[in-house]
2 protein chains.
Amino acid sequence: MRKITDRQKQVLEYICDFIDEHAYAPSIRDIQKHFELKSTKGVKDHIDRLVEKGFLIRTEGTARALKVVRENDTSRKIPLVGTVAAGLPLLAEENIEDYLPVSADMARTDGMFFLRINGDSMINAAILDGDLVLVRPQPFVEQGEIAVVRIGDEATVKRLFRFNTRVELHSDNPNYKPFVFFDSDEDVRIVGKVTAVLRTLE
Amino acid sequence: MRKITDRQKQVLEYICDFIDEHAYAPSIRDIQKHFELKSTKGVKDHIDRLVEKGFLIRTEGTARALKVVRENDTSRKIPLVGTVAAGLPLLAEENIEDYLPVSADMARTDGMFFLRINGDSMINAAILDGDLVLVRPQPFVEQGEIAVVRIGDEATVKRLFRFNTRVELHSDNPNYKPFVFFDSDEDVRIVGKVTAVLRTLE
DNA sequence: CTCCTACCTATACATATGTTTACTTATGAA
DNA sequence: TTCATAAGTAAACATATGTATAGGTAGGAG
């Protein structure tokens with residue numbers, strides 16, 4: 001269904017590289033020269049096939065109006081909204097410290113954000129003080145997954161376990177005791193799940 | 001030094017928006033139509049000024065060869081070149097598995113790359129099996145920093161200590177003994193320094 | 001074999017697009 | 001005032017670029 005011949009692949013790759021280098025697409029004759037073809041027709045054929053097969057999008061009759069369909073538009077800007085364990089008005093736009101690019105593979109969902117970790121409470125999960133965690137907002141997590149939880153006005157990152165009517169927040173550090181809450185407690189809400197960790201070493 | 005008139009600003013903004021929408025730049029006549037000008041000359045003037053002032057880069061005589069100079073190009077594509085602790089021909093282009101976007105702040109140097117960590121030898125440095133480490137190529141590291149070292153044809157990630165003529169590679173895991181090498185050993189080379197860690201949790 | 005597709009050459013043709021010359025109008029600085 | 005610059009009109013001109021017609025060769029599927 002999405003087969004591609006070797007030659008078409010070569011052409012597609014050249015187009016990708018060209019755009020990468022020039023920030024604009026090659027003309028048909030640019031491609032022709034590169035492959036040392038004697039006619040523009042061959043190139044046109046290749047492009048038409050690549051468009052048919054969905055690898056390219058183009059505007060007909062327009063110069064250099066060629067766009068490579070990227071399976072995954074690989075980069076997304078994710079806001080860093082603050083530090084956990086400080087009074088944290090989550091997702092308040094005024095609090096965005098920075099935007100960090102992240103692979104779209106890692107940030108498929110809308111509304112994801114980064115939090116900076118404060119303290120060593122998750123040290124056994126290999127999350128250190130100062131690390132950034134990528135959070136996907138969702139109202140639940142699987143048993144034992146690492147979650148961002150809001151308790152009143154504060155946010156915290158903990159490993160979450162659910163029993164009957166009880167929820168336990170475990171630090172991955174033997175020095176800290178678990179927090180225990182009950183479903184009736186309206187002040188506790190799961191904000192989202194930690195889906196990645198990013199640490200800078202210098 | 002980088003003044004811009006209101007009109008020029010309008011033109012620049014239109015160009016930005018157009019590229020954003022189409023993935024290719026507008027032609028002079030596209031711009032002309034949008035501003036309802038009666039001649040292409042005015043547009044050409046604007047573009048020439050914008051190029052002079054450094055807001056645009058363009059290739060003369062080429063259709064739609066217009067590039068907006070972005071102050072903060074915050075994202076860089078970094079190649080993931082393989083897994084450490086497997087026989088690893090470092091930086092061989094054929095081995096690039098993927099490209100991951102990284103904040104330009106983290107990847108100021110050229111030639112940086114990602115490695116996937118295999119094994120638990122750096123567990124006490126909070127680097128786990130499967131984590132990706134961002135590497136800046138350099139022939140030295142400070143005492144105790146985490147480095148990528150090539151031993152023969154294999155690469156490994158270790159904490160590096162240097163004494164007189166001796167180099168020790170420490171795993172951050174009490175179960176592994178340090179490797180010891182000597183300067184005379186030509187088979188051992190520091191590839192670079194680990195500057196960041198990236199982990200995906202799902 | 002026949003038919004289809006991938007791939008290519010050769011040669012035009014149409015038009016999209018960049019470039020230029022000549023002139024106008026308005027504004028602000030010297 | 002005079003001069004420079006921004007901004008624009010008008011009309012061509014040159015060429016970069018997309019498109020089309022008419023073929024040819026090779027290989028695989030039926």
Side-chain angles (χ1 to χ4, degrees), chain A residues 1-71, chain B residues 1-69:
Chain A
M1 173 186 158
R2 274 198 112 199
K3 285 173 197 167
I4 189 171
T5 67
D6 285 347
R7 197 55 164 165
Q8 286 164 12
K9 198 170 180 180
Q10 285 174 33
V11 173
L12 183 59
E13 251 184 65
Y14 175 68
I15 294 170
C16 283
D17 292 348
F18 191 104
I19 293 174
D20 218 49
E21 188 180 337
H22 298 85
Y24 53 84
S27 68
I28 285 180
R29 279 172 182 80
D30 286 335
I31 301 171
Q32 181 199 345
K33 273 170 213 153
H34 178 261
F35 288 98
E36 292 177 323
L37 299 179
K38 307 293 167 54
S39 165
T40 55
K41 183 55 166 45
V43 178
K44 224 255 173 188
D45 285 348
H46 282 127
I47 289 179
D48 287 345
R49 302 284 138 63
L50 286 167
V51 170
E52 283 166 18
K53 294 181 180 180
F55 293 97
L56 285 180
I57 293 174
R58 87 179 209 100
T59 309
E60 290 184 18
T62 308
R64 298 171 185 275
L66 220 44
K67 182 182 169 188
V68 176
V69 174
R70 315 242 171 216
E71 308 281 333
Chain B
M1 176 186 154
R2 274 198 115 199
K3 285 175 201 167
I4 189 172
T5 68
D6 285 346
R7 197 57 164 161
Q8 285 163 13
K9 199 172 180 179
Q10 285 173 31
V11 174
L12 184 59
E13 250 184 65
Y14 175 69
I15 294 170
C16 283
D17 291 347
F18 191 104
I19 294 174
D20 218 48
E21 188 181 335
H22 299 82
Y24 53 84
S27 68
I28 285 180
R29 280 173 181 81
D30 287 334
I31 301 172
Q32 181 199 345
K33 274 168 213 155
H34 178 261
F35 288 97
E36 293 177 323
L37 300 179
K38 307 293 169 54
S39 165
T40 56
K41 182 55 164 48
V43 178
K44 224 255 173 186
D45 285 348
H46 282 129
I47 289 179
D48 287 345
R49 302 283 141 63
L50 287 166
V51 170
E52 284 166 16
K53 294 180 181 179
F55 293 98
L56 286 179
I57 294 174
R58 86 178 210 101
T59 309
E60 289 183 18
T62 309
R64 297 170 186 276
L66 221 44
K67 183 182 167 187
V68 177
V69 174

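Values reported hereafter were calculated over all heavy atoms of this structure, with side chains retained and with hydrogens, waters and symmetry mates removed. First the proteins, then the strands, lettered A, B, ... as listed; each starts at 1. Not measured: the values here are computed from a predicted model.
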Which class fits the ring pair Y14(B) and F35(B): parallel under 30°, tilted 30 to 60°, perpendicular over 60°? perpendicular
Answer yes or no: does a side-chain N or O of Q32(A) lie under 4.0 Å from OP1 or OP2 of dT9(C)? no
Quick check on contacts: within residues 11-30 of chain B, what sits under 4.0 Å from DNA chain C by heavy-atom distance? S27(B), I28(B), R29(B)
State whether a side-chain donor-acceptor pair under 3.5 Å links Y24(A) with T62(B). no
Within the structure, does a side-chain N or O atom of H46(A) lie under 4.0 Å from either OP1 or OP2 of dC7(C)? yes
Pick the closest DNA chain C nucleotide for T59(B) and for D6(A) by heavy atoms, then say which residue is nearer the 5' end. D6(A)
Below 4.0 angstrom from OP1 or OP2 of dC8(C), is there any side-chain N or O of R7(A)? yes
Does any N or O in the side chain of R58(B) come within less than 3.5 Å of the main-chain N or O of V51(B), such that one atom is a donor and the other an acceptor? no
Is the distance from OP1 or OP2 of dA16(C) to the nearest side-chain N or O of R64(A) less than 4.0 Å? no
Tell me, for nucleotides 20-30 of chain D in 5' to 3' order, what letter each nucleotide earns: B for a base near a protein heavy atom under 4.0 Å, S for only sugar-phosphate near one, - for neither? BB---------
Under the criterion side-chain contact (heavy atoms from CB on, under 4.5 Å), which of I4(B), I15(B), V69(B) is the partner of F55(B)? I4(B)
Parallel, tilted or perpendicular for F18(B) and H22(B), by the 30°/60° rule? parallel
Indicate, with a heavy-atom threshold strictly under 4.0 Å, whether G42(B) touches base, sugar-phosphate, or nothing. base
Could you tell me if Q10(B) and R7(B) have a donor-acceptor pair between their side chains, going purely by distance under 3.5 Å? yes
